[in-house]
Peer 1: 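The structure is given below, and queries will be raised subsequently.
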Amino acid sequence: MATAIEFALFAPYNKEAAVTGSFSEWEPIPMEKGDDGYFRTKVELEDGDYEYKFRVRSKSWFLEPDEWTEIVDPYATEIANESQNGIIRIKEGSRIVDTYVWSHDGNSLPSDRDLIIYEMHVGDFSGGEDDRNPRGKYKDVIGKLDYLSELGITAIELMPVNEYPGEYSWGYNPRYFFAAESSYGSTADLKHLIDECHARGIRVFLDGIYNHSEASSPLTQIDHDYWYHHSPRDPDNTWGPEFNFEHYDENYETYPARKFIGDVVRFWIQEYHIDGIRYDAARQIANYDFMGWIVSEANKTAGEKPFYNVAEHIPETTDLIGINGPMEGCWHESFYHCIKEHICGDTFDLERLKEAIDGKRQGYPGATDIVNYLSNHDRDRMMVELSNREIFDEAAFKRLKLGAAILMTAIGIPMLWMGEEFGDYHRTDPDPTKIDWTLLDNDLNRGLFEYYKGLIALRKQNPALQTEHIEFFHEDPESKVIAFTRWNDEGSRIVVIANFSDNFLANYTVPNFPADGTWHEWTRDFDIESGDGQIMVDLPEYEARVLVW
C-alpha cells in the first residue's frame, strides 16, 4: 500500500527545485515553495528503499546564474556508494533510518570524571590485517571491545564517521552530515557498535566537524554564501567552505548555518545515542555564542544521561572553559608538547612540567576541564618521537611507561591514541596506516599494555586521581626529579616520584613526604615505609614510582 511521503528542501532564495529518483524513473517532479522558504512535494511510495536527488536552480557564485544543478538532500541519512545518491527508506508508511532495536539503553554509563578515552579511526583500527591496507569496519571495532574493556577504557572517540567522498579518509572532509560512512558498514552496524559499547559501560564520542564542509557538500551548491563565508577568514588554516554562524536571515528569522548544525547534532544524539562530541577546530569556528548554543542543544537533547562537550582549540585557550566559556572540556595540547620534550630528554623545565600536570596553574579549574594525551590523530606517537632521537628497545619502553604514569596521574581526563598502549610504531599519517596488533606478541609491547592496564585500574580504584587536589612537594632540578601527591577528602592518596634524567638514583631521599607510614609501591609491587617526613627509594633513569597510601 502506497503512502504519500513528503520531500522538502530549504532553499529560500532559489527560484525552482524538483525531486527526482528511482520512484519516478529519474524524471523530475516539480516542488512548490512555501512562505517558510521550503520547497515541498509529496510522492506516493510503497514500503522499500529508493534512491533520490534534488534539482535546484543554484544561487552559488561559482555556477551560472540560476543554473540547474543536481544535489543530494543535505538531510539524507544514507548515501548509495556507487551512485552517490541519497537513499530514502520507507517502512509501514513512514521514513526510517533502519530497523535496529536497541538492547542496552538502560545501562549506566561512567561519569565525566571516570573517563579514560580511546581515540580511533575505524578504517585503521582493526579488520582484515592480512590484506593490503584494507578498510576496517564497525563490526571489527565490536570484535575488539572486550580488549578495550580489559584495558579499562570507559569511552571511545571515533574519528569522523560522516559520509565522505572517495575510498579512504580521516573524515575531516564531511560531505553529508546526516549520513554515516557506508564503507565502514550499515547504519545498523554503527548502532550495534554503540549498543555493544554501552553494554560494557563504554561511552561513545563522535568527532564533530562543524566549522567547515567538503567543497561539494550540497549546501555549497544550493546557495554558497547563504550558509558559508564567501572566502576563508584564515587562508593558512582552512580545510573547506566555512560555515557562517554570524549570518542571521531576518526574512525567515533564522541563523541558517546554526540551524543546520543544530539539526545535525540533535539527529546524531537521538538516532545513534552518542554520549559526547569532540568539536574540531574551535579556533576556526570562532564564535563562542554559537558554541555555547550548540553545547546547550546537545545537553538538552541528551537529557539525563551523561554527555561531554570537548573542543580542540590550537593554540589552546582557557577561555573555552569556565563561567564564560562555551565548552565543558578542552584538548590539552600543552600537556602533549611538554611531556614529549621531557620523556625524550629534550629539556627539563620544572615550571612547565607543573603546569602540564596541574592545569589549574594554566587557568583550568576542574578535573574534567582538560583532556590530556601523549599522542592523537594529529601528533606522532611517542614511539616515533623516541625513534627519531635514536632511542629504541628497552630504553624507549621505559620512557613510554614514564609518560603513561604522568598521563594517568595528572589532573584531567586521559586519552590514548589507538595502539599507543602497546607501543605501535607507525607515524600518524592521513594515508591508510593500520596499527600492528602482532606487536602484542612481543614481551616489551605486552609489558607496556599491562602497565597501561594497571595504571588505568589504579586510577579507577583511587578517587584521589579524579579530583582537582595536587601538591608538588619535592623539586630537584639538578637531579631532574619531581614529586607530587594527589588526594581526596575520604583518605585516598597517591604519590608520584618521577626521574626525568638518564641517571640511576640509588637510595634517593625525598623530603617533605605527605605522610609517615606504610605505602605500597605500585610499579614494582612492594611495601615501603616513610618516616620523619621523608622516604628513601631507588629511582631508575626515566622512571616513575607510584606510591599508594
Side-chain angles (χ1 to χ4, degrees), residues 2-34 36-91 94-98 162-167 169 173-183 186-187 213-228 240-241 256 259-261 263-264 267 271:
T3 304
I5 301 298
E6 183 175 83
F7 290 82
L9 175 68
F10 185 65
Y13 298 101
N14 299 71
K15 289 183 177 179
E16 291 182 88
V19 65
T20 177
S22 57
F23 44 75
S24 67
E25 297 184 349
W26 296 101
E27 290 297 318
I29 300 171
M31 304 174 75
E32 185 175 340
K33 193 197 300 191
D36 58 358
Y38 281 86
F39 286 93
R40 292 183 174 88
T41 191
K42 290 186 176 181
V43 180
E44 295 284 332
L45 295 180
E46 304 273 355
D47 283 5
D49 295 358
Y50 304 88
E51 295 188 20
Y52 74 107
K53 276 186 175 176
F54 290 125
R55 299 183 74 236
V56 64
R57 288 196 183 274
S58 175
K59 286 186 64 65
S60 296
W61 45 266
F62 50 82
L63 296 172
E64 293 295 324
D66 295 326
E67 177 182 341
W68 279 105
T69 185
E70 282 196 344
I71 61 161
V72 171
D73 182 357
Y75 284 74
T77 59
E78 191 171 347
I79 305 298
N81 254 340
E82 293 185 5
S83 64
Q84 286 295 288
N85 296 319
I87 294 175
I88 182 172
R89 179 167 293 114
I90 309 298
K91 184 176 175 58
S94 298
R95 299 177 71 148
I96 63 167
V97 175
D98 52 52
N162 301 105
E163 186 80 42
Y164 52 71
E167 293 301 313
S169 173
N173 53 339
R175 182 178 284 181
Y176 308 116
F177 284 79
F178 289 80
E181 175 54 36
S182 52
S183 65
S186 67
T187 58
S213 74
E214 190 264 346
S216 297
S217 196
L219 297 181
T220 67
Q221 312 301 302
I222 298 171
D223 189 348
H224 181 285
D225 289 0
Y226 186 69
W227 279 278
Y228 301 90
K259 180 185 182 303
F260 179 75
I261 295 301
D263 290 345
V264 169
F267 171 80
E271 188 68 33

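Bear in mind the structure is a predicted one, so any value in this text is a computation, not a measurement.
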Peer 1: Treating Thr41 as the side-chain partner and Met31 as the backbone partner, does any N or O pair qualify as donor plus acceptor under 3.5 Å?
Peer 2: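 No, Thr41 side chain to Met31 backbone: no donor-acceptor pair under 3.5 Å.
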Peer 1: Atom CG in Asn85, atom CZ in Phe54: separation rounded to 0.5 Å?
Peer 2: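 With rounding to 0.5 Å, CG (Asn85) is 12.0 Å from CZ (Phe54).
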Peer 1: Do the side chains of Ser217 and Tyr228 get nearer than 4.5 Å, heavy atoms only?
Peer 2: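 With C-beta onward as the side chain, the pair touches.
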Peer 1: I'd like to know whether Thr69 forms a side-chain contact (heavy atoms from CB on, under 4.5 Å) with Leu63, so could you lay out the CA-CA distance, the side-chain angles of the two residues, the decisive distance to 0.1 Å, and finally the verdict.
Peer 2: CA-CA 9 Å; Thr69 185; Leu63 296 172; 4.3 Å; yes
Peer 1: Could you state the interatomic distance from CD1 (Ile261) to CG (Asp263), rounded to the nearest 0.5 Å?
Peer 2: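 Rounded to the nearest 0.5 Å, the CD1-CG separation comes to 9.0 Å.
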Peer 1: Indicate yes or no: at least one non-hydrogen side-chain atom of Lys59 is less than 4.5 angstrom from one of Tyr226.
Peer 2: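 They are not in contact (no side-chain heavy atoms under 4.5 Å apart), so the answer is no.
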Peer 1: Compare all side-chain heavy atoms of Tyr38 with those of Glu32 and state whether any distance is below 4.5 angstrom.
Peer 2: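 Not touching, per the 4.5 Å side-chain cut-off.
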Peer 1: Tell me, please, which residues at least two apart from Ser183 pass side-chain hydrogen bond (donor to acceptor under 3.5 Å, both in side chains).
Peer 2: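 Ser183 satisfies side-chain hydrogen bond (donor to acceptor under 3.5 Å, both in side chains) with Arg135, Glu181 once adjacent residues are dropped.
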Peer 1: Start with the C-alpha gap between Arg89 and Asp49, add the side-chain angles, then the distance that decides, and say whether salt bridge (charged side-chain N to carboxylate O under 4.0 Å, His left out) holds.
Peer 2: CA-CA 4 Å; Arg89 179 167 293 114; Asp49 295 358; 3.0 Å; yes
Peer 1: Looking just at side-chain N and O atoms, do Ser182 and Glu163 make a donor-acceptor pair shorter than 3.5 Å?
Peer 2: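 Note: Ser182 and Glu163 side chains meet the donor-acceptor criterion.
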Peer 1: Ile29 versus Thr20: any side-chain heavy-atom pair under 4.5 Å?
Peer 2: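 The answer is no, as the side chains (C-beta and beyond) never meet within the 4.5 Å cut-off.
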Peer 1: Is there a donor-acceptor pair closer than 3.5 Å between any side-chain N or O of Ser58 and the backbone N or O of Gln221?
Peer 2: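 Answer holds: yes.
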Peer 1: What heavy-atom pair brings Ser83 and Lys53 nearest, and what distance separates the two atoms?
Peer 2: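 Nearest heavy atoms, Ser83 then Lys53: O-NZ, 4.4 Å.
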Peer 1: Measure across Arg95 and Ile90 and return the closest heavy-atom pair with its distance rounded to 0.1 Å.
Peer 2: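 For Arg95 versus Ile90, the nearest heavy atoms are CG-CD1, 3.9 Å.
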Peer 1: For Tyr176, which residues count as a side-chain hydrogen bond (donor to acceptor under 3.5 Å, both in side chains) partner, sequence neighbours excluded?
Peer 2: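 Tyr176 satisfies side-chain hydrogen bond (donor to acceptor under 3.5 Å, both in side chains) with no other residue.
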Peer 1: Residues two or more places apart in sequence or in another chain: which of them pass ring pair (Phe, Tyr, Trp, His ring centres under 6.0 Å) with Phe178?
Peer 2: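 Applying ring pair (Phe, Tyr, Trp, His ring centres under 6.0 Å) to Phe178 gives Tyr75, Phe260, Phe267.
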Peer 1: Mark yes or no for whether Ser169, through its side chain, and Tyr164, through its backbone, hold a donor-acceptor pair below 3.5 Å.
Peer 2: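 Looks like no, no N/O pair under 3.5 Å.
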Peer 1: Suppose we screen for side-chain hydrogen bond (donor to acceptor under 3.5 Å, both in side chains). Which residues come up paired with Tyr52, at least two apart in sequence or across chains?
Peer 2: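 Expected list: Asp73.
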Peer 1: Measure the shortest side-chain to side-chain distance between Arg175 and Gln84 over non-hydrogen atoms and say whether it is less than 4.5 angstrom.
Peer 2: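 Contact flag for Arg175/Gln84 side chains = yes.
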Peer 1: Which heavy atom of Asp223 sits nearest to which heavy atom of Ser60, and what is that distance?
Peer 2: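 What the structure gives for the nearest pair is N-OG, 3.4 Å.
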Peer 1: Heavy atoms only: give me the nearest Pro218-Pro74 pair and the separation to one decimal.
Peer 2: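 Where Pro218 meets Pro74 most closely, the heavy atoms are CB-CG, 3.8 Å.
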Peer 1: Please tabulate, for side-chain N and O atoms in residues 3-15, each donor-acceptor pair with protein atoms closer than 3.5 Å (sequence neighbours left out).
Peer 2:
{"unit_1": "Tyr13", "atom_1": "OH", "unit_2": "Asp249", "atom_2": "OD1", "d": "3.0"}
{"unit_1": "Tyr13", "atom_1": "OH", "unit_2": "Asp249", "atom_2": "OD2", "d": "3.0"}
{"unit_1": "Tyr13", "atom_1": "OH", "unit_2": "Asn251", "atom_2": "ND2", "d": "2.9"}
{"unit_1": "Asn14", "atom_1": "ND2", "unit_2": "Arg57", "atom_2": "O", "d": "2.7"}
{"unit_1": "Asn14", "atom_1": "ND2", "unit_2": "Ile222", "atom_2": "O", "d": "2.9"}
{"unit_1": "Lys15", "atom_1": "NZ", "unit_2": "Asp66", "atom_2": "OD2", "d": "3.0"}

Peer 1: Ser186: which residues meet the side-chain hydrogen bond (donor to acceptor under 3.5 Å, both in side chains) condition with it, sequence neighbours left out?
Peer 2: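 With sequence neighbours excluded, Ser186 shows a side-chain hydrogen bond (donor to acceptor under 3.5 Å, both in side chains) to Asp189, given in chain and number order.
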Peer 1: Check whether the side chains of Glu214 and Asn173 place a donor and an acceptor atom closer than 3.5 Å, and report yes or no.
Peer 2: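 Not at all, the side chains of Glu214 and Asn173 share no donor-acceptor pair under 3.5 Å.
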Peer 1: Considering non-hydrogen atoms only, spot the tightest contact between Ile79 and Ile87 and give its length.
Peer 2: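 Minimum heavy-atom contact is C-CD1, 4.0 Å.
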Peer 1: Can you confirm whether more than 12 heavy atoms, excluding those of Glu25, are under 6.0 Å from its CD atom?
Peer 2: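 12 or below, so no.
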Peer 1: Val19 versus Arg55: any side-chain heavy-atom pair under 4.5 Å?
Peer 2: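 With C-beta onward as the side chain, the pair stays apart.
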Peer 1: Take Glu51 and Phe23, measure what side-chain contact (heavy atoms from CB on, under 4.5 Å) needs, and give me the verdict at the end.
Peer 2: CA-CA 8 Å; Glu51 295 188 20; Phe23 44 75; over 6 Å; no
